[in-house]
Amino acid sequence: MLLAPLVGRNMHPLFLALPPLPARRSALLAAGESEISSAVHWGNNFTMEELQSDRTTVNLELDSEALYSGIAWARGLPGRREVHLGFDISWHFGGAMDPHISNFHHFFGFPDGSREIRSHYQCRMVVFQEDERILDERGPLHPLLHLSGEIRQSLVSHRPLGTGVAHLSLGVMGAQPLPVGEREHPLSSNRPSGAIRLYGGYQRGLWTTEFSTGVAAVSRPAYLTSSQFHPFIVPFDATLGRILGQRASLVVTVSGSTSPFRLGYDRTDRHSATVNVGTRLALSERDVLQLSFTEEFFTFAATDIGFHLGWNRRLPAARKR
């Protein structure tokens, strides 16, 4: 459990159109074994691109703080299978951290993305296409729920490879968005999405590597036309972890996807990825706590800065009487 990928979310507001695609370990639970997990993610977003000729109107503006939370249950099944059920909620609002984020960027010499020309504590989503505003949302957005399920099949389990062991599994998942307080969320669709993903991992001594990739079919939000949205994306993640003593590990997980958007802006159309750095701490034989941090500094198409808190509890299979 100490050497599992870090749980994180890309809280870029436009990516509410995508289903949750968390990084997972490649090794499956044993038949009858269960795991309960929960996570809370907080992030700050600010994207501004291309002033129009009047120098006051911006073609692309995405400004919000975000709070995401989720709970999941997994169980090992006979035949080297595993089932996952998840419940996630996401909320974008004005927040309270804008000046602190700017101070953090200035202190470390990171780019601040023109935050100084906008007032703090705003939640605003504006997208122009050919001088027409196709999206204009101001104020906090209603929460968005996602119900998801995934079934995974182990292909390779604990196979010796060199001085370590390898794992390989295949998963098929589906997710259904459920807007709260309105018939349709402005940044998502009411239709389901799905994905097929291949998971792989290699453990050697104190070190582990994990990866996954696949193809996801994503439903198009109502504010976009078919020419502005591609329904297929490639999700990906890669993890490197090392055990530190009996109760801690240091883990780095890079996760992201290609973009479904065809809007003509770098910060919407390019692939999006976050670097999640943190630790997993064993609280007991069954419980593991995750503390991690993300900073966006190489694709500029994801959450600017994020903090993640996660908890896992492993439940052994019931003993036969």
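Note that the structure is a prediction, hence the values are computed from the model and not measured. Positions are given from 1, in the same order as the sequence printed here.
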Residue list, side-chain hydrogen bond (donor to acceptor under 3.5 Å, both in side chains) with [X], at least two apart or on another chain:
{"X": "Trp91", "value": "none"}
{"X": "Ser257", "value": "none"}
{"X": "Arg220", "value": "none"}
{"X": "Ser169", "value": "none"}

Name the atoms and distances for all side-chain donor-acceptor pairs under 3.5 Å in residues 26-33, with sequence neighbours left out.
| from | atom 1 | to | atom 2 | distance (Å) |
| --- | --- | --- | --- | --- |
| Ser26 | OG | Gly201 | N | 3.2 |
| Ser26 | OG | Glu210 | OE1 | 2.9 |
| Glu33 | OE1 | Ala30 | N | 3.1 |
| Glu33 | OE2 | Arg314 | NH1 | 3.3 |

When every non-hydrogen atom of Val218 is compared with those of Ala17, the smallest separation belongs to CG1-O, 3.2 Å
Under the rule for side-chain contact (heavy atoms from CB on, under 4.5 Å), what residues qualify as partners of [X], not counting sequence neighbours?
{"X": "Pro231", "value": "none"}
{"X": "Glu137", "value": "Met125, Leu135, Leu141, Pro186"}
{"X": "Trp207", "value": "Leu240, Arg242"}
{"X": "His230", "value": "Phe232, Arg262"}

Exercise for review: Would you tell me whether Asn10 and Thr274 have side-chain atoms, one donor and one acceptor, within less than 3.5 Å of each other?
Suggested key: no
Salt bridge (Lys or Arg N to Asp or Glu O under 4.0 Å) filter on Asp88, not counting sequence neighbours, yields Arg9
Kindly write out the residues that satisfy ring pair (Phe, Tyr, Trp, His ring centres under 6.0 Å) with Phe107, not counting sequence neighbours, or none if the list is empty.
->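 Not a single residue meets the ring pair (Phe, Tyr, Trp, His ring centres under 6.0 Å) criterion with Phe107.
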Going only through I, L, V, M, F, W and Y residues with side-chain contacts under 4.5 Å, is there a path from Leu309 to Leu281?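 Same cluster.
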Leu18-Tyr68 co-clustered via ILVMFWY side chain contacts under 4.5 Å: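 Per the 4.5 Å side-chain linkage, Leu18 and Tyr68 are co-clustered.
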Contacts satisfying side-chain hydrogen bond (donor to acceptor under 3.5 Å, both in side chains) that involve residues 151-168 (not counting sequence neighbours) are Arg81-Gln153, Glu82-Arg152, Thr163-Arg204
